[in-house]
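Here the structure comes first, spelled out in C-alpha cells, and everything after it is commentary.
Protein chains get the first letters and strands the later ones, always in sequence-line order, with residue 1 at the start of each. Treat the numbers as computed from the prediction; the structure is a model and nothing was measured.
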Number of protein chains: 2
Amino acid sequence: MAERILIIEDESKIARFLELELKHEGYEVEIAYDGRSGLERAEKNDIDLIILDLMLPLMSGIEVCRRIRKFSDVPIIMLTAKDDISDKVTGLDSGADDYVTKPFAIEELLARIRVALKRRAMSTRDTNSETITSGKLVLNKLQHKVTYDGEEVFLSKKEYDLLLYLMENKGIVLDREKLIENVWGYDFIGDTNVTDVYIRYLRSKIDQKYGVSFIKTIRGVGYIFEDQAEN
Amino acid sequence: MAERILIIEDESKIARFLELELKHEGYEVEIAYDGRSGLERAEKNDIDLIILDLMLPLMSGIEVCRRIRKFSDVPIIMLTAKDDISDKVTGLDSGADDYVTKPFAIEELLARIRVALKRRAMSTRDTNSETITSGKLVLNKLQHKVTYDGEEVFLSKKEYDLLLYLMENKGIVLDREKLIENVWGYDFIGDTNVTDVYIRYLRSKIDQKYGVSFIKTIRGVGYIFEDQAEN
DNA sequence: TCGTTTTTTTAAAAAAATGTTGAATCATCT
DNA sequence: AGATGATTCAACATTTTTTTAAAAAAACGA
C-alpha cells in the first residue's frame with residue numbers, strides 16, 4: 001500500500017514536477033491548488049503526508065497548517081520561497097513538522113519525506129489507532145471523547161455509543177433494528193422511537209451546531225453516517 | 001525540570017554561542033567537543049535532544065548519529081556547514097530528525113528544537129520514569145510523594161495508588177472494574193462504590209483544594225485523568 | 001393536491017449513575 | 001488493649017441520562 005501524499009501548491013509547474021518525482025518514488029499523489037481546497041481534501045483524513053506551500057491563494061499555508069492540526073497529526077512539510085526566518089519559525093510553531101526552502105533539491109525533499117513517514121510509522125501504534133475521524137469530527141475511543149475542529153463535543157454514553165457505531169459503519173445504511181441491536185443491545189418490544197430521538201440529539205450537538213450533515217436519513221430504511229468531505 | 005540538550009560541536013565559538021542561547025531559553029546544556037566523547041555522553045541516555053555537528057574530529061556526525069540510533073530515539077538535529085545536499089540526505093537517512101545549515105539564525109534553530117521536543121513529548125508515554133508530572137502536579141514514585149506547586153499533598157496509600165494508576169494512564173478512560181483490578185487487586189463481587197469514594201478523596205485533596213480538575217467523570221464508563229494544559 | 005406514512009421535535013416521567021456522608025471495620029503502633 | 005488513622009460499606013441526595021409518548025412537520029404516493 002503506497003503512501004498517499006497531498007501537495008498543496010499553487011504554482012502548477014512545481015506541483016507537476018513534484019507529482020512526477022513522487023510518483024516515480026512510488027507514492028500516490030494528489031494535488032490541491034489553493035489553501036481552501038487543500039484543507040478540504042485533507043479533511044477526508046486519508047492522507048499520509050502533506051507538502052504545503054506557504055504562499056497560497058485563498059488561505060495561507062500557516063492557516064491551513066493550523067487548521068489541519070486541529071483534527072490530524074499527519075506529517076506536514078512546508079515549502080517556502082522566501083528565505084525569511086520568521087516565516088519558517090511561524091511555520092514550524094504552527095504545527096508543521098519540517099520545511100524546505102525553494103528552490104530545493106528533490107533529493108533533500110525526498111529524504112525529509114522518508115524521515116517524516118518513518119517517524120509517523122513508529123509513533124502511530126499507540127494513541128492514533130484508537131481514533132475514528134471524519135473531516136473535523138474526531139472520535140477518540142481511549143479518551144471516550146469527541147471533538148469537532150478541536151472543540152469538545154459533550155455526549156452522553158448512549159449518544160457516544162450511537163455515534164461510535166455510526167462512524168464505525170460510515171457509508172453504510174443502518175436500519176433501526178440494527179441500531180437497537182448494536183447500541184442498545186436488545187431487541188425492542190413494540191415500537192419505540194428511541195433511535196430517532198438519539199439521532200436527533202446527535203444532530204443537534206454536531207450537525208446543527210456546526211452546520212454540517214454527517215447523519216443522513218434514508219427514508220423507509222434508517223440512517224447513514226457520511227464523510228463530509230466526500231460530497 | 002528543564003530539558004537537557006547535548007551539543008556535539010568542535011568549533012568552540014559556535015558551541016559557546018549555542019550554550020548561551022539555549023540556557024537563555026531555559027534549557028540545560030552540555031557540550032562535547034568531538035564525536036567520540038559526544039557518543040559516550042549520549043550513552044548515559046539522560047539527554048532530551050542532541051545538536052550534532054556533521055563535521056567532527058574522531059568520529060563523523062553521521063557515524064555518531066547512526067550509533068546513537070542503535071540505542072536511543074532521542075531527537076537529533078544536525079548542523080551542517082556545507083550546503084551540500086548529499087550530506088543533508090545522508091544525515092537524515094542516517095537517523096537524524098532534522099538539520100540546520102550553517103550559518104543559521106538562532107530563532108530557526110530554537111523553533112526546530114521546540115518542534116522536536118514537542119513531538120517527542122507527545123509520543124513519550126513515560127512508564128519507567130520515576131516521576132509523573134501534569135502541570136503543577138508531580139508524583140514522585142521513588143519518594144512516594146505527591147506535590148502540587150511544590151507543596152506536599154498528603155495521601156493515604158490507596159489514594160496514592162489510585163492517583164498513580166490514573167496518572168500512568170492519563171488521557172485514557174478507566175472503568176471501575178479496571179481501577180479495582182489494578183489498584184485494589186481483586187475482582188469485586190456485587191457492587192461497592194469504593195472507587196467513587198476514593199476518587200472523591202483525591203478530588204477534595206487536589207482538584208478542590210487547588211481549583212483545578214484533573215479527574216473527570218465519564219458517566220456510564222468511569223474516570224479519566226486529564227492534563228490540565230491539554231484541551 | 002390530499003391523505004397517509006414516516007420522521008422530527010418536544011416535554012415530561014422514569015431510571016440510572018454518581019456524589020456525599022457518617023458510621024463500621026480493619027490495621028498498625030505504642 | 002487502646003488510640004489513631006485508613007479503608008470499606010451502605011444509605012441517601014443529587015445530577016444526568018434514558019425512555020416514553022404524543023404532537024408537529026416533512027416526505028411520499030396516488
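Separating the CG atom of D196(B) from the P atom of dA11(D) is a distance of 16 Å, rounded to the nearest angstrom. Between the P atom of dT7(D) and the CD1 atom of I180(B) lies a distance of 13 Å, rounded to the nearest Å. Computed from coordinates, the Y160(A) OH to dT16(D) C1' distance equals 19 Å when rounded to whole Å. In this structure, the NZ atom of K158(B) is 15 Å from the P atom of dC26(C), given to the nearest Å. Per the geometry, NZ belonging to K157(B) stands 18 Å off C1' belonging to dC29(C), to the nearest Å. Rounding to whole angstrom units, NZ of residue K216(A) and P of dA26(D) are separated by 19 Å. Rounding to whole angstrom units, CZ of residue F154(B) and C1' of dT7(D) are separated by 20 Å. Regarding W184(B), its CH2 atom lies at a distance of 15 Å from the P atom of dA6(D), rounded to whole Å.
Across all strands shown, L162(A) has no heavy atoms under 4.0 Å from either base or sugar-phosphate atoms. Nucleic acid contact class of Y201(A) (heavy atoms, under 4.0 Å, all strands): base.
Contact annotation: Y198(A) side-chain N/O to dT9(C) OP1/OP2 distance is not under 4.0 Å. For T217(B) and dG19(C), the shortest distance from a side-chain N or O to OP1 or OP2 is below 4.0 Å. Listed pair R176(A) / dT7(C) meets the phosphate criterion, a side-chain N or O lying under 4.0 Å from OP1 or OP2.
The side chain of S156(B) approaches dA6(D) more closely than any other nucleotide in the set dT19(D), dA6(D), dT18(C). Between dA11(D), dT21(C), dT8(C), one nucleotide has an atom nearer to the side chain of N193(A) than all others, and that is dT8(C). Residue R219(A) places its side chain closer to dA26(D) than to any other of dA26(D), dT8(D), dA17(C). Checking dT20(C), dT10(C), dT7(C) against the side-chain heavy atoms of R200(B) singles out dT20(C) as nearest. The side chain of V194(B) sits closest to dT8(D) out of dT8(D), dT20(C), dT19(D).
Side-chain N/O atoms of Y165(A) and N182(A) include a donor and acceptor closer than 3.5 Å. A donor atom on one side chain and an acceptor atom on the other are found under 3.5 Å apart for D227(B) and S134(B).
Under a cut-off of 6.0 angstrom, the local environment of NZ in K178(B) is sparse, with at most 12 non-hydrogen atoms contributed by other residues, nucleotides or ligands.
Positionally, the nearest nucleotide of DNA chain C for G220(B) lies more toward the 5' end than for the other of V197(B) and G220(B). Nucleotides of DNA chain D nearest to L155(A) and L155(B) differ in position, and the one nearer the 5' end is that of L155(B).
Annotation: the span from E19(A) atom CD to H24(A) atom NE2 amounts to 14.0 Å, rounded to 0.5 Å.
A cation-pi arrangement is found for R112(B) relative to Y99(A), the charged atom lying closer than 6.0 Å to the ring centre and inside a 45° cone about the ring normal.
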